[in-house]
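Sequential numbering from 1 along the given sequence is applied to the chain's residues. In this text the structure is predicted, and so the values were computed from the model without any measurement.
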Amino acid sequence: MPSNKDFGSRAHHLSQVRGPLCAGIDPHGALLQHWGLDDDLAGAERFAMTLVEAAASTCAFIKPQSAFYERFGSGGVALLERVIAESRKAGALVILDVKRGDIGSTMAAYAQAYLDPASPLAVDAITVSPFLGTGSLQPAFDLANAHGKGLFVLARTSNPEGKQVQMAKRRDGKSVAQGIIDEVNEHNGDAEPMGSFGIVMGATIGACASEGEARLRESTYGITHTTVRQRDTAHDLSQFNGPILVPGMGAQGGRPSDLPRVLGAATNFAIPSYSRQIAQPGPAVASIRTAIEALQEECRAAMGE
């Protein structure tokens, strides 16, 4: 691991060494069934730890979705602690997808749970929601600064419901999403090689080739989802100086070629996140690693690395 203390420096260094890809480890019931496992804690453990073995020593980033562990109660949370510990031991940076957002002492408590090194759930960065106001996240920014951690703030998500809030216009003419982007970037300043405070930008936003492609209903391993390719993606990332987590890659419709289209000048800051497409070849570790290697090369090529 690099000696730099802040998340931005560590993330930049490790992505240069291992590649930009983020491996999501999400023990969804349909994926467990695809592997021939029961949808219980034992099945989740087999699934999650196999993916840790396959990905944590080769990927720069591991991203567990907390909800898929919490659904098993205390045993699931204990499994999440193990996934975090083993992934970090293997040299990966762990981004915990929790999307927490609250005010005052409650936000501070969430930050302590995931960003305080003394916590058994301590990770390198977490996802947070700014829709109680970006300023409500200040306790998380403060604790992240104190311990060299990172945040990824939801800005422009690809779910159709998000548009009515995220693309709403403020009095100054900016979209809500652009306001979030700018406010987060203020925390990064002129940090080199990049700041520690990032945003979440869905891979499936952007210009669509036709109205027929604007909304697609798909099902992968029994997981039905909507892929939306929207025309109104007005956002400016030209001055953004932090990591950009890009979910929606793979099974949800996002492709490496979408990265420069969605992110423009900030493409080099992208952390493209795959979950189902990485899990699909399992449970054989070798097959998962082969899939990861192929995706790494595609992402590197699209990002001009």
Problem - Close side-chain approach of D236 and Q178, heavy atoms under 4.5 Å - result: yes
Problem - Q280 backbone acceptor or donor facing H34 side chain under 3.5 Å - result: yes
Handout entry: I103 atom CD1, neighbour heavy-atom count above 12 within 6.0 Å
Key = no
Practice task
Could you tell me whether the side chain of D6 and the main chain of G195 form a donor-acceptor pair under 3.5 Å?
Solution key: no
Practice task
Compare all side-chain heavy atoms of L237 with those of I244 and state whether any distance is below 4.5 angstrom.
Solution key: yes
Practice task
Can you spot which of Q16, H12, H13 makes a side chain to side chain contact (heavy atoms under 4.5 Å, CB included) with P193?
Solution key: H12
Problem - Side chain to side chain, F68 and S275, heavy atoms closer than 4.5 Å - result: no
Practice task
If the plane angle is over 60° it's perpendicular, under 30° parallel, otherwise tilted; pick one for F197 and H187.
Solution key: perpendicular
Exercise for the section: Kindly determine whether M194 and N188 satisfy side-chain contact (heavy atoms from CB on, under 4.5 Å), including the steps that lead there. Expected result: CA-CA 7 Å; M194 67 177 177; N188 289 320; over 6 Å; no
Practice task
Flag the pair L80 / L96 as yes when at least one side-chain heavy-atom distance between them is below 4.5 Å, and no otherwise.
Solution key: yes
Problem - Chi angles and distances behind the side-chain contact (heavy atoms from CB on, under 4.5 Å) call for V184, L151 - result: CA-CA 9 Å; V184 172; L151 300 177; over 6 Å; no
Completion exercise
Taken to the nearest 0.5 Å, the spacing of L137 CG from D102 CG works out to 10.0 Å
Handout entry: Student check: side-chain heavy atoms of R255 and E298 closer than 4.5 Å
Key = no
Exercise for the section: Would you check if the side chain of R10 reaches a backbone N or O of G148 as a donor-acceptor pair within less than 3.5 Å? Expected result: yes
Handout entry: Enclosure of Q239 CD (heavy-atom neighbours >12, cutoff 6.0 Å)
Key = no
Problem - Distance (rounded to the nearest 0.5 Å) between C299 SG and Y274 OH - result: 4.0 Å
Problem - Rounded distance [0.5 Å steps], CE in M167 versus OG in S175 - result: 5.0 Å
Practice task
Any chance you could lay out the side-chain contact (heavy atoms from CB on, under 4.5 Å) test for L41 and E45, step after step, and finish with the verdict?
Solution key: CA-CA 6 Å; L41 182 58; E45 180 179 18; 5.5 Å; no
Problem - Test side chain to side chain contact (heavy atoms under 4.5 Å, CB included) applied to I84 and V52, I62, V94, the passing residue - result: V94
Handout entry: Co-membership, hydrophobic cluster, residues V285 and L31, 4.5 Å side-chain
Key = no
Exercise for the section: Applying side chain to side chain contact (heavy atoms under 4.5 Å, CB included), name anything that partners D39, two or more places apart in sequence or on another chain. Expected result: L32, R71, F72
Completion exercise
Interatomic distance, CD1@I278 vs CD1@I288, rounded to 0.5 Å, equals 9.0 Å
Completion exercise
The reported gap from CD1 in I95 to CG in L245 (rounded to nearest 0.5 angstrom) is 5.5 Å
Handout entry: Test item: D97 side-chain N/O and K63 main-chain N/O as donor-acceptor pair under 3.5 Å
Key = no
Practice task
Mind listing the closest non-hydrogen atom pair of I205 and S158 along with its distance?
Solution key: CG2-CA, 3.9 Å
Problem - Verify same cluster id: V165, I180 (apolar side-chain graph, 4.5 Å) - result: yes
Exercise for the section: Drop me the distance from S15's OG to L21's CG, to the nearest 0.5 angstrom. Expected result: 11.5 Å
Handout entry: Qualifying salt bridge (Lys or Arg N to Asp or Glu O under 4.0 Å) pairs, either residue in residues 242-254, two or more places apart
Key = none
Practice task
Determine whether Q166 and F131 make a side-chain contact, defined as any pair of heavy atoms from C-beta on separated by less than 4.5 Å.
Solution key: yes
Problem - CZ (R289) with more than 12 external heavy atoms under 6.0 Å - result: yes
Practice task
Answer yes or no: is there a donor N or O on one side and an acceptor on the other, between the side chain of R18 and the main chain of C59, under 3.5 Å?
Solution key: yes
Problem - Heavy-atom closest pair, residues G101 and L132 - result: O-CD1, 3.8 Å
Completion exercise
Of all heavy-atom pairs linking M303 and T267, the shortest is CE-O, 3.3 Å
Handout entry: Shortest non-hydrogen contact from V153 toward F141
Key = CG2-CZ, 4.3 Å
Handout entry: Main-chain N/O of K174 paired with D172 side-chain donor or acceptor, under 3.5 Å
Key = yes
Problem - Heavy-atom closest contact (K149 atom, S196 atom, distance) - result: O-CB, 3.7 Å
Practice task
Mind listing the closest non-hydrogen atom pair of A92 and A56 along with its distance?
Solution key: CB-O, 3.5 Å
Practice task
Flag the pair Y69 / V83 as yes when at least one side-chain heavy-atom distance between them is below 4.5 Å, and no otherwise.
Solution key: yes
Practice task
Go through F240 and L263 one step at a time and tell me if the side-chain contact (heavy atoms from CB on, under 4.5 Å) criterion holds.
Solution key: CA-CA 10 Å; F240 195 75; L263 304 182; over 6 Å; no
Exercise for the section: State whether a side-chain donor-acceptor pair under 3.5 Å links S119 with D116. Expected result: no
Problem - Under 3.5 Å: donor-acceptor pair, side chain of D38, backbone of G43 - result: no
Practice task
Kindly indicate whether the side chain of T127, heavy atoms from C-beta on, has any atom under 4.5 Å from the side chain of Y114.
Solution key: no
Handout entry: Pair Q252, T204: side-chain N/O donor-acceptor within cut-off below 3.5 Å
Key = no
